[in-house]
Amino acid sequence: MYKVTIENKVIETDENLSVDDLVKNNFTNIKPVAAKINGALVDMSEIINKDSSIELINSSDEQGLEIIRHTCAHVFGHAIKQLYPDTKMVIGPTIDNGFYYDIYAKESISEKDLASIESLMKKLAKKNYKIIREVVTKKRAQSVFRERKEDYKLKLIEDITDNEVIAIYHHEEYIDMCRGPHLTSTRELNYFKLMKISGSYWKGDSNNEQLQRIYGTAWDTKDNLKAYLHKLEEAEKRDHRKIGQKLDLFHFQEESPGMVFWHDNGWKIFNIVKDFITSYLRNYNYKIINTPQILDKSLWKKSGHLDKFSDLIFDVSSENKEYAIKPMSCPGHIQVYNQGLKSYRDLPLKFAEFGIVHRNEPSGTLHGLMRIRAFTQDDAHIFCTPGQIENEIKILIKTIYDIYKQFGFHEIKVELSTRPEKRVGSEEIWDKSEDALKKALDSSNIEWQLNNGDGAFYGPKIDFSLKDSLERVWQLGTIQLDFSMPTRLNANYVDENGDKVAPVMIHRAILGSLERFVGILIEEYAGDLPLWLSPTHVVVMNISENQEVHCQKLSKKLNNMGIISIPDLRNEKISYKIREHSMKRVPYLVVIGDKEVESNQISLRTRTGDDLGVMDVDKFVKMVETLVESKSVVLKN
RNA sequence: GCCACCUUAGCUCAGUUGGCCAGAGCAGGGGUUUUGUAAACCUCAGGUCGUCAGUUCGAAUCUGACAGGUGGCUCCA
């Protein structure tokens with residue numbers, strides 16, 4: 001007899017009773033998918049062998065969903081082995097909203113095949129077969145998977161230490177290895193869908209063999225599955241590439257892959273963002289400079305870039321000289337720093353540049369504005385003494401947060417990357433600088449994650465990332481410490497003792513790539529940019545020919561008052577014009593008929609269809625000014 | 001770069017198992033209409049079906065190479 005506390009009840013149980021039996025015997029209407037016995041996550045089939053406190057995991061719980069997804073991956077394995085018996089199973093973990101399974105198969109699986117795999121999965125799941133957990137020794141696991149010719153599972157078993165528990169799960173004739181827990185039958189597995197297929201590599205290393213990865217999603221209810229698929233559809237509508245075309249912001253074409261052709265509207269947004277950053281630079285004592293696009297390769301050799309990143313550098317030659325198109329601005333900035341002798345009293349010295357850099361990124365990595373081959377960085381380099389690092393970093397973190405907030409971003413992912421295996425500089429310097437970054441982060445009162453070993457070869461860094469509409473994470477801001485390049489490129493200053501020493505260099509970008517940032521902005525707002533970022537504020541439309549002159553005058557007047565205005569005097573019905581400009585997401589639409597001319601007022605509505613009524617021009621101007629000034633996301637106050 | 005898929009008019013898309021001059025809507029031109037808050041009407045024009053080869057009596061449709069793109073993987077100073 002064991003005493004079990006479960007669902008606020010204390011129950012005495014017989015020996016050899018599973019959690020599943022216990023629940024069935026004592027409760028109706030609950031169908032947990034797993035349980036925690038004294039805090040340890042277990043299958044429902046787990047036998048209770050001591051006095052316990054049991055917590056039930058339901059399918060709608062986060063952990064419950066994960067179990068459903070994990071089991072769904074197994075059922076995928078079950079199906080794929082029936083359809084393609086020679087397939088070797090690799091790994092099938094859960095991810096946000098679903099799971100994937102990496103497989104090695106001679107046949108190449110295409111998206112068209114997913115339907116048949118999925119329908120077999122459905123058929124298997126419908127059988128409500130029992131999923132049986134078996135705890136095995138390492139030896140037994142090896143013999144099971146050797147017999148099944150699961151080469152990759154065997155490799156995985158090798159990595160398991162002897163004192164770890166190995167469990168295998170029987171899905172009829174299919175066997176998979178997993179820590180668990182899993183569903184005890186396919187009964188709870190009804191709402192799933194195979195989504196897409198892609199290549200992947202064994203152990204994530206592109207030198208290893210190519211695997212095929214199938215992605216799926218799985219949910220506890222039909223509604224949740226539907227809602228998820230609907231959410232994806234909605235997210236796709238926010239795609240900056242689609243909106244960019246619809247709103248006439250930019251385009252790409254194959255003669256210049258990965259490089260943007262900015263149109264008038266898009267370039268206006270770009271420049272609003274750029275001007276905003278410029279005003280910040282002035283307030284923080286940056287010197288705004290500009291350095292050449294093309295520099296002799298010898299400089300890139302000296303800086304270390306050529307050895308490390310030659311694949312990504314575009315090069316040109318002229319008159320027997322070899323040049324590189326700059327992939328970053330830092331060597332150029334050091335050349336500016338090196339002009340004239342610097343004293344410790346000059347530091348910190350901050351050089352900023354909206355540097356246009358070219359990087360020959362692999363074709364498969366290009367992605368709209370987010371990953372391109374030519375982009376503009378809001379790049380700056382702070383030359384300072386070691387003692388100034390922490391304070392400068394603190395200022396930067398604060399500024400980055402402040403600027404992101406003004407654009408309406410709040411969910412920022414922050415990562416500290418520490419020393420990589422291949423690096424330059426002494427351990428002492430790395431200790432100190434990592435410590436300085438940590439201290440600055442902690443005192444900034446923000447959440448951050450450690451990304452061990454992912455720093456640059458010349459120093460540790462802090463990265464700031466935002467998500468796009470499909471939750472893909474893109475890095476924007478970065479703060480990187482560099483102890484190498486100043487020395488390599490002979491930068492120095494005279495310290496208090498009269499000695500020449502190398503300054504510390506802080507590479508930092510706030511928005512990162514302006515192109516990427518504009519892409520993120522478009523997706524965040526689905527094209528409905530806040531007023532202050534809108535390429536056009538207002539369209540002035542006439543009802544008929546009578547008001548033509550008045551409209552032209554009014555539009556000019558608004559422009560002169562700092563409100564970006566265009567007239568629309570076409571011979572079209574007013575509803576036609578309204579529809580068109582609404583779809584172009586122009587924030588304000590002004591309608592001028594005889595009545596408005598008469599009273600010298602405007603009739604105003606917003607792109608979202610709100611009627612703001614008739615008002616005086618001055619009142620409208622004041623309203624726009626206030627909203628632009630406050631960087632408001634709404635269109636009325 | 002790797003794996004899978006996609007590429008038809010300015011845009012969004014049809015085009016059945018290869019078969020008469022390749023279709024539609026929107027956009028564009030020309031007309032009519034002078035219009036009151038999300039699409040007026042008529043009419044005209046527009047495409048070597050991504051490129052280049054091949055198979056075939058015949059290719060948008062089949063095959064191959066290349067280019068660009070999409071989704072991932074790897075990478076991302």
Side-chain angles (χ1 to χ4, degrees), chain A residues 100 102 108-114 195-215 236 239 241-242 245-246 248 251-258 300 303-305 308-309 311-313 326-331 357 359-368 370-373 377 379 454-459 461 463 470 472 474-475 478 480 482 485 507 509 512-513 516 541-548 570-584 589-596 603-613:
Chain A
Y100 68 74
D102 279 352
S108 98
I109 315 281
S110 88
E111 242 148 80
K112 285 176 197 133
D113 302 320
L114 294 184
M195 302 295 287
K196 59 192 178 189
I197 188 154
S198 92
S200 64
Y201 302 99
W202 167 240
K203 298 239 165 174
D205 186 338
S206 57
N207 296 312
N208 290 341
E209 60 270 40
Q210 180 99 39
L211 306 170
Q212 302 187 69
R213 175 173 296 179
I214 289 90
Y215 287 88
E236 273 166 30
D239 189 318
R241 293 163 299 189
K242 283 188 185 156
Q245 183 179 58
K246 223 182 254 169
D248 193 18
H251 85 270
F252 291 91
Q253 64 186 54
E254 59 178 282
E255 286 83 352
S256 190
W300 299 105
S303 71
H305 289 97
K308 198 126 173 113
F309 308 111
D311 287 352
L312 292 182
I313 292 181
K326 73 173 173 188
M328 51 199 299
S329 300
C330 25
V357 295
R359 302 178 184 180
N360 198 0
E361 303 280 359
S363 56
T365 65
L366 302 177
H367 182 98
M370 305 300 194
R371 186 84 182 265
I372 52 187
R373 287 192 176 139
Q377 286 183 311
D379 198 11
D454 214 29
F457 71 97
Y458 49 70
K461 59 176 184 169
D463 289 330
L470 283 169
R472 290 173 291 218
W474 298 98
Q475 187 196 306
T478 185
Q480 310 183 354
D482 186 348
M485 218 179 292
H507 305 244
S513 148
R516 177 180 284 182
M541 302 173 289
N542 60 333
I543 299 273
S544 66
E545 216 174 335
N546 281 341
Q547 309 91 31
E548 235 180 68
R570 289 174 303 171
N571 175 14
E572 296 288 354
K573 289 183 77 161
I574 194 67
S575 52
Y576 177 88
K577 297 188 197 177
I578 285 171
R579 178 181 152 80
E580 203 175 270
H581 297 297
S582 297
M583 290 199 306
K584 291 280 182 197
L589 310 179
V590 160
V591 175
I592 302 291
D594 286 335
K595 279 184 276 178
E596 288 77 11
S603 172
L604 187 66
R605 57 174 280 154
T606 68
R607 63 184 165 203
T608 50
D610 286 338
D611 186 352
L612 302 188

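Just so you know, these numbers come straight off a predicted model, no measurement behind them. Chain letters run A, B, ... following the sequence lines, proteins first and then strands; every chain starts at 1.
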For nucleotides 9-12 of chain B, give me every protein contact, N/O to N/O, under 3.5 Å, one pair per line with atom names.
| unit_1 | atom_1 | unit_2 | atom_2 | d |
| --- | --- | --- | --- | --- |
| B/rC11 | O3' | A/Q245 | OE1 | 3.1 |
| B/rU12 | OP1 | A/Q245 | OE1 | 3.2 |

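The backbone N or O of A/S198 sits nowhere less than 3.5 Å from a side-chain atom of A/R213 that would complete a donor-acceptor pair.
When only modelled atom types and interatomic distance are considered, A/S256 and A/Q253 share no side-chain donor-acceptor pair under 3.5 Å.
Taking a pair to require two hydrogen-bonding distances under 3.5 Å in either a Watson-Crick or a G-U wobble arrangement, B/rC75 remains unpaired. Of the nucleotides present, B/rG10 is the one that pairs with B/rC26 by Watson-Crick or G-U wobble criteria, both distances under 3.5 Å.
Counting non-hydrogen atoms under 4.0 angstrom, A/S110 reaches the backbone sugars and phosphates but no base. Residue contacts for A/M195: at a heavy-atom cut-off of 4.0 Å it reaches no nucleic acid atom on any strand shown. Here A/K595 lies in heavy-atom contact (under 4.0 Å) with a base. Within 4.0 Å of A/E545, counting heavy atoms only, lies at least one base atom of the nucleic acid. At a threshold of 4.0 angstrom between heavy atoms, the contacts of A/I574 are confined to the sugar-phosphate backbone, with no base atom among them.
Counting to the nearest Å, the C1' atom of B/rC26 and the NZ atom of A/K246 are 13 Å from each other.
Under a 4.0 Å N-O distance rule, the pair A/R241/A/D239 qualifies as a salt bridge.
Between B/rC75 and B/rU51, the two C1' atoms lie 29 Å apart (nearest whole Å).
Of the residues in residues 603-612 of chain A, those with a non-hydrogen atom less than 4.0 angstrom from any atom of RNA chain B are A/S603, A/R605, A/R607.
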Report summary line: Quick tally for nucleotides 64-77 of chain B: nucleotides whose base has a protein heavy atom under 4.0 Å get B, sugar-phosphate-only ones S, the rest -, giving ---SSSSBBBBBBB
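Counting heavy atoms from C-beta on, the side chains of A/K595 and A/S603 never come closer than 4.5 Å.
Of the residues near RNA chain B, A/S582 and A/R570, the one whose nearest nucleotide (by heavy atom distance) lies more toward the 5' end is A/R570.
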